[in-house]
Amino acid sequence: MSAILLLSLTAMAQEKNDESSSNVIVKDARYCMSYEEYVNDQWKTVEQLRRVTRTESQMKWSGGTLYRFNKMDKVFDKMLKKEAFAIDFNDTLYVNFYGLKHKGALLGTGYDKCYRMGKKIVITDRYVSKKKNMAIGALAGASGVFAGAIGGLAVGLADYGLQAKWEKEVCYIIDNDTKKITLIDQEMMSTLLADHPDLLSQYNQVESKKKKRSAITVMPLLIKAGLIKL
């Protein structure tokens, strides 16, 4: 057995067993089964739902997103993992990444925080497609964008963990039940910022295509425009 495989199996075993009080929060919550149910505010309630926050090493070795939800009930937990669309937990919306695709490539599994933009949902994650499956930050030098003209639009981001996360990610929109998500690219940003010429002008000053689609560029501008609230 290779060292990499052994480390991966060890991480998965540790994740299954290591749910200390420090990384588990238990609260009553609600969930929906589809984007249509989300739009129509059709939620089902669930008592004493457990939100498990995963570590960086767990995500590195076994993949997936930052959060898992369960009730320690095999049937219910399988439904949450593979069938539910979103969970409203502690006044925060989490979307299920299971099955989400961009250009034929799967994002991963698990839940992560997302952002409401009208009836649409915005998520951030690494850039994926059938041809490319890598963190865009390493290619785009996204941190340089944050330090430049767009950096002043960070609208008081005190969560430096969130800032570091966005530097490696792009933004996608969910607006249907097909599991196919849409990248927020330069063309879409031109539409979204059409009523905010000053912000659009600053966005257009960003140099490269990859920097223009980096979440650390896109998210502060959408927040500044009032289209998204943290």
Side-chain angles (χ1 to χ4, degrees), residues 4 7-8 11-12 15 23 52-68 92-115 117 121-174 180-189 192 202-203 205-224 227-230:
I4 293 177
L7 284 170
S8 180
M12 287 188 287
E15 180 168 0
N23 67 349
V52 181
T53 303
R54 305 170 71 219
T55 66
E56 288 187 13
S57 61
Q58 288 168 346
M59 290 187 289
K60 178 180 180 181
W61 291 110
S62 58
T65 56
L66 183 59
Y67 301 101
R68 297 284 190 263
T92 299
L93 185 64
Y94 298 80
V95 74
N96 189 359
F97 277 44
Y98 186 87
L100 294 183
K101 290 183 178 182
H102 176 250
K103 293 187 175 180
L106 291 167
L107 263 66
T109 59
Y111 285 78
D112 209 347
K113 294 179 180 179
C114 57
Y115 309 92
M117 188 169 70
I121 292 175
V122 175
I123 61 174
T124 65
D125 198 54
R126 71 197 190 286
Y127 177 79
V128 297
S129 72
K130 277 191 173 181
K131 294 183 178 180
K132 295 181 180 180
N133 190 344
M134 59 190 72
I136 192 174
L139 298 175
S143 59
V145 181
F146 189 82
I150 303 301
L153 297 175
V155 292
L157 270 184
D159 187 344
Y160 294 105
L162 185 60
Q163 175 182 328
K165 181 175 183 292
W166 285 350
E167 288 174 354
K168 301 175 183 178
E169 297 179 332
V170 294
C171 301
Y172 300 99
I173 284 180
I174 302 174
K180 295 179 181 178
I181 57 178
T182 304
L183 177 71
I184 299 182
D185 57 11
Q186 184 175 357
E187 182 179 357
M188 186 177 294
M189 283 295 284
L192 292 172
Q202 293 184 57
Y203 175 75
Q205 291 174 30
V206 177
E207 296 175 358
S208 73
K209 177 180 178 181
K210 290 175 181 177
K211 289 180 180 180
K212 278 184 165 68
R213 67 187 186 190
S214 171
I216 201 63
T217 300
V218 171
M219 287 298 290
L221 287 166
L222 295 182
I223 293 167
K224 190 71 173 180
L227 299 175
I228 285 177
K229 294 182 180 179
L230 292 180

**OP:** Measure the shortest side-chain to side-chain distance between L227 and L221 over non-hydrogen atoms and say whether it is less than 4.5 angstrom.
**Re:** no
Original post:
Ignoring hydrogens and geometry, is there a side-chain-to-backbone donor-acceptor pair from H102 to I181 under 3.5 Å?
Top reply: no
Subject >> Side chain to side chain, V170 and D125, heavy atoms closer than 4.5 Å >> reply: no
Subject >> Partners passing side-chain hydrogen bond (donor to acceptor under 3.5 Å, both in side chains) against T124 (at least two apart in sequence or in another chain) >> reply: K165, E169
Original post:
For the atom pair CD1 (I223) and CE (M117), what is the distance rounded to the nearest 0.5 Å?
Top reply: 12.0 Å
Subject >> Validation row: L100, K180 side chains within 4.5 angstrom (heavy atoms) >> reply: no
**OP:** Could you pull out the closest heavy-atom pair between A215 and P220, with the gap in Å?
**Re:** O-CD, 3.6 Å
Subject >> Distance flag, aromatic centroids of Y94 and Y67, threshold under 6.0 Å >> reply: yes
Subject >> Heavy-atom side-chain contact between T65 and T109 under 4.5 Å >> reply: no
Original post:
What do the steps show when you test K168 against I216 for side-chain contact (heavy atoms from CB on, under 4.5 Å), and what is the final call?
Top reply: CA-CA 8 Å; K168 301 175 183 178; I216 201 63; over 6 Å; no
Original post:
Say you draw a straight line from NZ of K210 to CD of Q186; how long is it, rounded to the nearest 0.5 Å?
Top reply: 14.5 Å
Original post:
Would a 4.5 Å heavy-atom cut-off, applied to side chains only, mark S214 and E167 as touching?
Top reply: no
Original post:
Any side-chain heavy-atom pair from I184 and Y172 closer than 4.5 angstrom?
Top reply: no
**OP:** Determine whether L107 and K101 make a side-chain contact, defined as any pair of heavy atoms from C-beta on separated by less than 4.5 Å.
**Re:** no
Subject >> Steps toward side-chain contact (heavy atoms from CB on, under 4.5 Å) verdict (V122, M219) >> reply: CA-CA 9 Å; V122 175; M219 287 298 290; 4.2 Å; yes
Original post:
Hey, what do you get for OG1 (T182) to NZ (K103), rounding to the nearest 0.5 Å?
Top reply: 10.5 Å
Subject >> Pairwise distance CG(D112) to CG(N96) - rounded to 0.5 angstrom >> reply: 11.0 Å
Original post:
Which atoms form the tightest heavy-atom contact between K229 and Y115, and what is the distance?
Top reply: O-CD2, 4.3 Å
Subject >> Exam field: side chain K212 to backbone V206, donor-acceptor pair closer than 3.5 Å >> reply: yes
Original post:
Would you say the side-chain atoms of R54 pair up with the backbone N or O of G63, donor to acceptor, closer than 3.5 Å?
Top reply: yes
Subject >> Close side-chain approach of V128 and L106, heavy atoms under 4.5 Å >> reply: no
**OP:** Calculate, to the nearest 0.5 Å, the distance between atoms CG and OG belonging to L183 and S129 respectively.
**Re:** 10.0 Å
**OP:** Drop me the distance from C114's SG to I121's CD1, to the nearest 0.5 angstrom.
**Re:** 5.0 Å
Original post:
If only atom types and distance count, is the side chain of Y111 paired as donor or acceptor with the main-chain N or O of F97 below 3.5 Å?
Top reply: no
